[in-house]
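One structure is given here, and the rest of the page talks about it.
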Amino acid sequence: MGNVQIKGVTKSYGGVRVMHGVDVEIEDGEFVVLVGPSGCGKSTLLRMIAGLEEISGGQISIGGRVVNDIPPKERDIAMVFQSYALYPHKTVAENMGFPLLMAKRPKAEIAEKVNRAAEILDLTKYLDRYPKQLSGGQRQRVAMGRAIVRDPQVFLFDEPLSNLDAKLRVTMRVEIKELHQRLKTTTVYVTHDQIEAMTMANKIVVMRDGRVEQIGRPLDLYDRPVNLFVAGFIGSPAMNFLQGKVATRDGRQVVLTDQGIALPLDGVQVEDGRAVTYGIRPEHITIGEGGIPVDVSVFEPTGSETLIFGRVGGVPIDALVRERIEEEPGKTMSFRLDPRKAHVFDQVTGQRL
Amino acid sequence: MKRSNPWLAVALWTLISFLTLFPIYWLFVISVKPAVDLFSTPDVLLTSIDWQNYIKVMNDSTLRGYMMNSLIISTGNAVLVTTLGFLACYALTRFDLAGKESVFFWTITNRMAPPAVFLLPLYLLLTQVYVIGDFKLADTHLGMILVYCTFNLPFAIWTLRPTLDGIPKELDEAAFVDGASAWQVISVVIFPLARPGLAVTLILTWVFAWNEYLLAATLTNFNARTLTTGLSEYVTTTGTEWGIMAAISVFTLIPALIVFGMVQKHIVAGLTFGAVKG
Ligand SMILES: Nc1ncnc2c1ncn2[C@@H]1O[C@H](COP(=O)(O)OP(=O)(O)O)[C@@H](O)[C@H]1O
Ligand SMILES: [Mg+2]
């Protein structure tokens, strides 16, 4: 069973603590994405699972077995590195067969498994080539081939797509997802790209500064971020934030900004007078009568939708709308905020209310 | 950009090649002249070839012994220091050793001192300290192989460091995850990738040991006497046998050329290693 348990794991480098007690439960067959800004400790955590980095405190188990003191080769894991880490002096076939060679499998079995993996990954034509004769995407697939031939309990990926151009990234994203659906091997995938996280994961772990901020299914994180950090990190374009105080107007609760603009709320239980941060995603704003007045500066039409950049009381606010806008920039437009999609956070702690 | 005149380049390289090869040619001319002709006809043209000197040298079993000693000592030393230097650089580039930069610097400072500085201490070590019963390290192959480590090991560590630094650590890590042991990582992944650097190191340390004179002359008597020291035996109070010395010198050059030729491909690869990576 390829489940992974991470319990109270800490990590220090020479007295400096960079990981402060991380707990994550990963079920067998899950695709878990560790996401967060650069330097938050994603790679460190992944490398601790792999056994490439010592665990300073806490416990990691794979398949029910505590692996803290077990070397990588005995953990039954496979890893795909950001740089692919292909052996430059070995052919594609030799690269992919390497884990099996190390496991002293018979030659015939190695050849058969390498061929099967090459077929899955569309690499059959390239088996005799050397890594330097391949394109970025092909190298990426060889690295995955090397991981899948041995059928490990867990796949570990560390930003495998960040060296590819944007278009290839999308293609490979789909390929990795398809591969997971086909093999159903537990996967831990590290990225700083929240789109990758949202599109690929069964479960996302959002990290910041060596701590877990939130764990959940992609749409749960999108719908109910537990704090300002997750709210701002998940979703693109990013959520708008406006400061204000909760007040009651005409029998309805609203958030009142310093300029006296009322931001609509629905079904949020917060006492009047509390200082809050009001969050609304650009895609939950429409253009129409009865909204808040926004000074619009730039339109970005993409064809299918239009991104509108504006300011309300000096604070930036963006809207993403389906329709095409035939207005001149520089005028004031009325933004209608969907109260059911509004998020409210405590101004001091940043926690969701 | 204007292309430089090809004829100028040809002329320049011809001149440089001539300057480099002429002394070797002259050496050969001297070695194939009878002794009586040497000073009577002081020209550098090859008028006749007389293999007399070579026959003398080859029939001299003492000289053959010296040649064997030189081969054993140089090869033994080069293989030893290249192996040790390789492992040392693996440790220096892969592990977080406390004070490793100081260790590295201290090691290479050993190469910077003039060999003569070490002469007396090494002499005492080999004749007085490393003595087991009747066995002394002085005047043995093993003794000379170890003595040359003093200079060649720091040199090997110094030349191999960039090679090992240039092999990404992620390759080691990938191999570890793929199930390799530390030894397999070194032998199956690191070693093949370090080959150009290893070849360069092997040849340069070999040439140092092969050419070394001062220590060999002091620390050997007969059993481990090398070809370079053998040369000096032909400078005597009654005269210098230039012809014989030239023939021996040619013999000294040949193995160096052969070794160089064998690893030349790797040396060129080694010099451009940074450029072809990736
Ligand atoms: N070998 C190391 N020595 C000291 N600090 C390190 C080392 N590796 C990583 N760190 C620190 O640990 C933190 C997490 O790093 P990392 O896991 O690489 O972040 P991420 O992969 O999320 O970008 C960073 O602050 C980084 O500076
Ligand atoms: Mg990282």
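Note that this is a predicted model, so its numbers are computed, not measured. These numbers come from the heavy atoms of this one structure, side chains and all, not from hydrogens, waters or symmetry mates. All chains are named by letter (A, B, ...) in the order of the sequence lines, taking the proteins before the strands, and each is independently numbered beginning at 1.
Residue contact with chain A, scored on non-hydrogen atoms closer than 4.5 Å, involves the side chain of B:Gln184 exclusively. With a 4.5 Å cut-off on non-hydrogen atoms, A:Leu156 does not touch chain B at all. Of the atoms belonging to A:Arg75, not a single heavy atom falls under 4.5 Å from chain B. Residue A:Ala78 touches chain B through its backbone alone, counting heavy-atom pairs closer than 4.5 Å.
Of all heavy-atom pairs spanning B:Leu193 and A:Pro88, the tightest one is CD2-CG, 3.6 Å. Scanning both residues, A:Lys73 and B:Ala180, for their nearest heavy atoms gives CD-O, 3.9 Å. Between A:Lys90 and B:Val188, the shortest heavy-atom distance links the atoms NZ-CG1, 3.7 Å.
Contact of the B:Glu173 side chain with the A:Arg47 side chain is registered, since non-hydrogen atoms from C-beta on lie closer than 4.5 Å. Looking only at side-chain heavy atoms (C-beta outward), A:Phe81 and B:Leu171 stay at 4.5 Å or farther from each other.
Note: B:Phe191 CZ to A:His89 NE2 = 10.5 Å, rounded to the nearest 0.5 Å. Taking NZ of B:Lys169 as the start and OG of A:Ser83 as the end, the distance is 13.5 Å to the nearest 0.5 Å. Atom CG of A:Leu86 sits about 10.5 Å away from atom CD of B:Glu170, to the nearest 0.5 Å.
Residue-environment remark: OH (B:Tyr130) stays at or below the threshold of 12 foreign heavy atoms within 6.0 Å. For A:Gln133, the CD atom is densely surrounded, since the number of other residues' heavy atoms within 6.0 Å is greater than 12. More than 12 heavy atoms of other shown residues, nucleotides or ligands fall within 6.0 angstrom of atom CG in A:Asp165. Shown here is B:Phe105, whose CZ atom has no more than 12 heavy atoms of other residues, nucleotides or ligands within 6.0 Å.
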Evaluation steps, side-chain contact (heavy atoms from CB on, under 4.5 Å), between B:Asp96 and A:Tyr13: CA-CA 11 Å; B:Asp96 261 333; A:Tyr13 286 110; over 6 Å; no

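Scored by the side-chain hydrogen bond (donor to acceptor under 3.5 Å, both in side chains) test, A:Tyr87 finds B:Asp178 as partners (sequence neighbours excluded).
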